[in-house]
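This is a predicted model, so every value here is computed, not measured.
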Amino acid sequence: QAIVDPQMCGLGGYALANVYLNTGQTTYGVGIDAPALAGEKVSPAMWEKNLLRPNPDGWGYFLEGKLNDAGYTSICTPGWVKGMAALLERYGTYSWEQVMQPAIRVAENGYVLTYLAANRLKTREKYPEASSLLSYLQSNPEASRIYLKADGTPYDMGETIRNPDYADTLRRLGKNGPEDFYTGELAAQITADLDQNGAFVTAGDLESYGLREDMLVQGAFGDYTVTSAAPPHGGATLIAILNILEGIDLAAMGHNSPDYIYTVAMAMKAAFADRNPYMADPEFAEVPVDWMISTERAAQWRERIVAGEEIKVDFTTTETPNTTHVTVVDSWGNAVALTHSLGSGSGVITPGMGFMYNNSMINFHPIAGHRNSIAPRKGRTTGMAPTIVYKGDRPVIVLGSPGATRIITSNVQVILNLLVFGMSATEAVYAPRFDCQVNDIRCHPRIPRHIVEAVGKRHPVSVLPQSHGGFALVNAITIDPASGALQAAADTGSDGMGIVL
């Protein structure tokens, strides 16, 4: 994924995993977070005079000069290598050097650009203050050299992209071990480039970088146990939505009926009304998770929704939707939901390294005094929510998605499709979706117009231009609790696929 989705994930990014090990003992998995952390050179008020406005679509803040969006000043300390190394060391069966080989081969031999990937390179942002994927690549000589043609134009569908520099970096990591990225020669080259070009990340940030452990929250939905990502990520909000809906007969409403869409959308809005003011990096601010996911809080919201009361939500920006996810269940019954990302990618590639750095500084609030304000070695809030649902002590659903805070609302709908309406994995993932967090209920155009109009009589609605995609791209595996049979499905809005071997 790091090679074929090079502006979405990779060595310069971050990762979050929900892992279940089939040990024969009752356990609800472990969460490992390798976040992107602000560098030690940042300060809370450093960009206050540069603030233009929040992105109206919710993806971060616009600053003069795009200081938080593109280039060296947008980079946070990467955790991806540390996270992947920990997963392999603790749970893997291959060596660090062995797992590099497929990616090395693809980077050297090249990969064929798909229709969707080629289209992303040609898409222009609708706001002049924002950066497009193409502008990220054009902003850095190394990125242009690797990912654009000699005349500066993007590659087209069916053409092949090669990145031998990335292959060389992976070989070095395979030979020297993952710590080379944080304390070795590779780290020295990285930090020399970052320092020379005004980045906030230092050698000390890499040396001191540590994983965050036990990063799961747990809730229930009927007879099922749900685990997902702890703050500052999206799992608590996902569980809060399910808590509100548990006391409502959704099946009687009918799937994607006007009543169903309105009720589920208001549960989403209610959970975000609690999330937006309080979600933060828990190492910098207290997050009232127990209250957010309590049955008492759910009952309060449920009563208001049934009464038709208006729910108001404070606006807050979120991280980029350009993220990557993989869901895996192996032959031993172990399961992993792994969400990993570069944000939108900073465009920056250190000469000779081949990999791009994240641009996660865009997600911090540029005004001091907010819970998500900038601070040295702080993580920003995200919607990432790799999730595992259990029946008894065994997983029955493993899922996750890219898509910023729409990850939360899309994951919830797939879970409801499976558990309330008895859909297959394919049916549950392919079904049209909706989303409501602050203002409108946004719907896929595959939801019939008369349904949308009926919902619109109770709450403002809008329709996305995309029939598929537009929300989060859910990748799900279901496990039959009796037979152990697997079903896999990947969202039709992108190039993912479900494979059962």
Side-chain angles (χ1 to χ4, degrees), residues 9 12-18 31-44 46-47 59-61 68-69 73-84 86 182 199-202 204-217 228-237 275-289 292 316-323 338-346 357-386 400 402 404-405 407-408:
C9 64
Y14 49 95
L16 177 62
N18 187 344
I32 297 176
D33 188 12
L37 302 178
E40 66 177 340
K41 291 182 179 180
V42 304
S43 61
M46 66 182 188
W47 282 337
W59 319 129
Y61 297 86
N68 62 341
D69 182 12
T73 54
S74 71
I75 299 170
C76 285
T77 308
W80 195 90
V81 173
K82 184 85 74 169
M84 296 300 169
Y182 294 93
F200 301 115
V201 175
T202 68
D205 290 320
L206 287 176
E207 289 173 11
S208 64
Y209 186 90
L211 299 176
R212 298 184 177 188
E213 310 280 356
D214 301 322
M215 293 296 290
L216 292 181
V217 288
S228 194
H233 307 296
T237 310
R275 173 196 184 273
N276 289 358
Y278 295 109
M279 188 56 66
D281 183 338
E283 296 193 7
F284 287 78
E286 184 177 350
V287 182
V289 175
M292 293 169 71
T316 186
T317 61
T318 66
E319 82 279 19
T320 170
N322 298 324
T323 300
L338 171 68
T339 309
H340 56 127
S341 183
L342 292 181
S344 298
S346 62
Y357 299 98
N358 68 83
N359 68 338
S360 292
M361 286 300 296
I362 195 173
N363 307 132
F364 287 106
H365 200 300
I367 304 297
H370 291 257
R371 293 173 70 83
N372 201 38
S373 295
I374 302 164
R377 297 179 181 171
K378 183 179 183 179
R380 72 281 182 276
T381 61
T382 86
M384 294 163 68
T405 48
I407 292 171
I408 299 165

How long is the straight-line distance from [atom2] of [Y] back to [atom1] of [X], given to the nearest 0.5 Å?
X: T323; Y: I407; atom1: OG1; atom2: CD1; value: 5.5 Å
X: L16; Y: L211; atom1: CG; atom2: CG; value: 11.0 Å
X: I408; Y: T382; atom1: CD1; atom2: OG1; value: 7.5 Å

If the test is side-chain contact (heavy atoms from CB on, under 4.5 Å), which one of S373, C76, P44 qualifies with F364?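 Of the listed options, the one satisfying the test is C76.
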Whether K41 engages the ring of F200 as a cation-pi pair (distance to the six-membered ring centre under 6.0 angstrom, angle to the ring normal within 45°) should be assessed.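 Ring-cation test returns no.
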Ring-ring centroid check H340 Y14, cutoff 6.0 Å: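 For H340 and Y14, the ring centres are not under 6.0 Å apart.
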Can a donor-acceptor pair be found, under 3.5 Å and without considering hydrogens, that links the side chain of [X] to the backbone of [Y]?
X: T405; Y: G383; answer: no
X: N372; Y: N363; answer: yes
X: N359; Y: S344; answer: yes
X: N358; Y: G343; answer: no

Any salt bridge linking E283 with R212? Criterion: basic side-chain nitrogen under 4.0 Å from a carboxylate oxygen.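 The answer is yes: the pair qualifies as a salt bridge.
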Looking at R380 and D281, is there a salt bridge between them, counting it only when a charged N and a carboxylate O are closer than 4.0 Å?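 Between R380 and D281 there is no salt bridge, as every charged N stays at least 4.0 Å from the carboxylate O atoms.
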[X] to [Y] - nearest heavy-atom pair and separation:
X: N68; Y: Y61; value: ND2-O, 2.9 Å
X: R377; Y: D205; value: NE-OD1, 2.7 Å
X: F284; Y: A375; value: CE2-CB, 3.9 Å
X: P231; Y: V217; value: CD-CG1, 4.1 Å
X: I75; Y: M361; value: O-CG, 3.9 Å
X: S228; Y: G235; value: OG-CA, 3.4 Å

Do [X] and [Y] come close enough that some side-chain heavy atom pair is under 4.5 Å?
X: H233; Y: L216; value: no
X: S341; Y: C9; value: no
X: M292; Y: R275; value: yes
X: P282; Y: V289; value: no
X: S360; Y: L342; value: no

E40/T77 under side chain to side chain contact (heavy atoms under 4.5 Å, CB included): CA gap, chis, key distance, verdict: CA-CA 9 Å; E40 66 177 340; T77 308; over 6 Å; no
Residue pair H365, I374: steps toward the side chain to side chain contact (heavy atoms under 4.5 Å, CB included) verdict: CA-CA 6 Å; H365 200 300; I374 302 164; over 6 Å; no
Can V81 and Y209 be said to form a side chain to side chain contact (heavy atoms under 4.5 Å, CB included), step by step? CA-CA 11 Å; V81 173; Y209 186 90; over 6 Å; no
